[in-house]
Amino acid sequence: MLTISELSAAYGPVRALDRVSFTAERGRVTAVLGANGAGKTTLLRTVSGLHRADGGTVELDGHRLDQVPADRMPGLGLAHVPEGRGVITELTVEENLRLGGLGRGRRVDGADLERVYELFPVLADRRAATAHVLSGGERQMLVIGRALMARPTMLLLDEPSLGLAPRIVGQIFELLRGLVESESLSVLLVEQNARSALSIAHRGVVLNLGRVVADDDAATLAADDQLRHAYLGF
Ligand code: ATP
């Protein structure tokens with residue numbers, strides 16, 4: 001379980017997170033929703049050690065993560081897939097995947113690769129192809145697969161749906177749902193596409209101007225007309 005307590009962060013005078021508290025439970029998808037500038041990306045960057053908090057704590061399964069440098073996070077079970085699908089286009093699909101296993105500090109074995117190929121058969125078909133031939137959806141699968149190579153217990157995902165056709169978004173979200181159910185992985189899913197995110201999430205946290213304005217079951221949030229109109233855009 002990821003426990004975030006009173007987490008605050010700023011960019012100079014701009015307060016991006018203001019005493020944010022919530023928990024993301026093991027084996028669950030927790031969606032983090034909110035308009036542009038609500039603080040969603042900053043939340044993920046702060047949890048994964050890429051941005052320094054100026055207050056509050058983060059714990060993963062009882063271990064404090066705040067103060068831990070970003071490069072040690074994979075070893076503690078935390079993986080972060082930033083927005084933008086940063087595959088290395090000159091490398092093959094398999095070489096990209098192998099990079100994901102390095103952070104955990106042990107050799108990448110064939111079983112790690114085969115597990116990812118089972119989850120994403122389209123990557124198996126293209127394992128020897130350079131990543132620049134992949135479509136947007138396939139690149140998103142590759143960056144998720146690369147993160148899974150470190151065998152995380154908590155996966156932070158920033159806007160995986162961005163720029164993808166609804167059908168592909170549906171496929172990726174279904175896959176995430178399957179992953180948390182079969183592997184008791186936890187996912188913290190940042191999305192602007194609130195309707196789709198809530199359709200697969202168990203819980204949702206809504207941010208506005210760096211503060212938590214709602215934290216509830218996904219179904220309860222999706223049924224709240226006032227909240228949807230004010231913060232979720234559907
Ligand atoms: P989006 O969906 O547009 O990425 P977001 O909810 O992820 O929005 P953040 O990107 O975390 O929001 O931004 C939170 C606040 O911090 C905003 O006011 C934003 O302008 C500000 N901010 C984000 N990055 C920086 C930066 N590098 N320098 C200064 N201010 C920043």
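Atoms within a ligand are numbered from 1 in the order they appear, just like the ligands themselves. This chain uses plain numbering: 1 for the first residue, then up along the sequence.
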Q: Look at atom 31 (C) of ligand 1 and say which protein heavy atom is nearest, naming residue and atom and giving the distance to 0.1 Å.
A: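 I find the closest protein heavy atom is Y11 CD1, 3.3 Å.
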Q: Can you list the ligand 1 atoms lying under 4.0 Å from a non-hydrogen atom of A35?
A: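 Listed by number with element, the hits are 6 (O).
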Q: Counting each atom of ligand 1 from 1 as listed, which ones have a heavy atom of A38 under 4.0 Å away?
A: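 Those atoms are 5 (P), 6 (O), 12 (O).
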Q: Could you list the atoms of ligand 1 found under 4.0 angstrom from a heavy atom of T42?
A: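 Those atoms are 9 (P), 11 (O), 13 (O), 14 (C).
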Q: Is any side-chain heavy atom of R15 less than 4.5 Å from a side-chain heavy atom of S8?
A: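 Contact flag for R15/S8 side chains = yes.
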Q: Using a 4.0 Å cutoff against the non-hydrogen atoms of N36, which atoms of ligand 1 qualify?
A: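 Heavy-atom distances to N36 below 4.0 Å select 1 (P), 2 (O), 3 (O), 8 (O).
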Q: Does any N or O atom in V14 lie less than 3.5 angstrom from one in ligand 1, N or O only?
A: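 No - when backbone and side-chain N and O of V14 are compared with those of ligand 1, no distance drops under 3.5 Å.
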Q: Which option wins on minimum heavy-atom distance to atom 7 (O) of ligand 1: L33, V32, V190, T41?
A: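 Answer by nearest heavy atom: T41.
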Q: Hey, would you say the Y11 and H51 ring centroids sit under 6.0 Å apart?
A: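 Judged by ring-centre distance (under 6.0 Å), Y11 and H51 do meet the cut-off.
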Q: When you measure from atom 29 (C) of ligand 1 to the protein, is at least one non-hydrogen atom found at a distance under 4.0 Å?
A: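 Yes, at least one protein heavy atom sits under 4.0 Å from atom 29 (C) of ligand 1.
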Q: Please tell me if atom 20 (O) of ligand 1 is touched by the protein, where touching means a protein heavy-atom distance below 4.0 Å.
A: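 There is no protein heavy atom less than 4.0 Å from atom 20 (O) of ligand 1.
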Q: Please confirm whether G34 comes under 4.0 Å of ligand 1, counting heavy atoms of the residue only.
A: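 Contact absent.
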Q: If hydrogens are left out, which of E83, R45, E159, K40 has an atom nearest to atom 6 (O) of ligand 1, that is, the closest non-hydrogen atom?
A: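 The nearest heavy atom belongs to K40.
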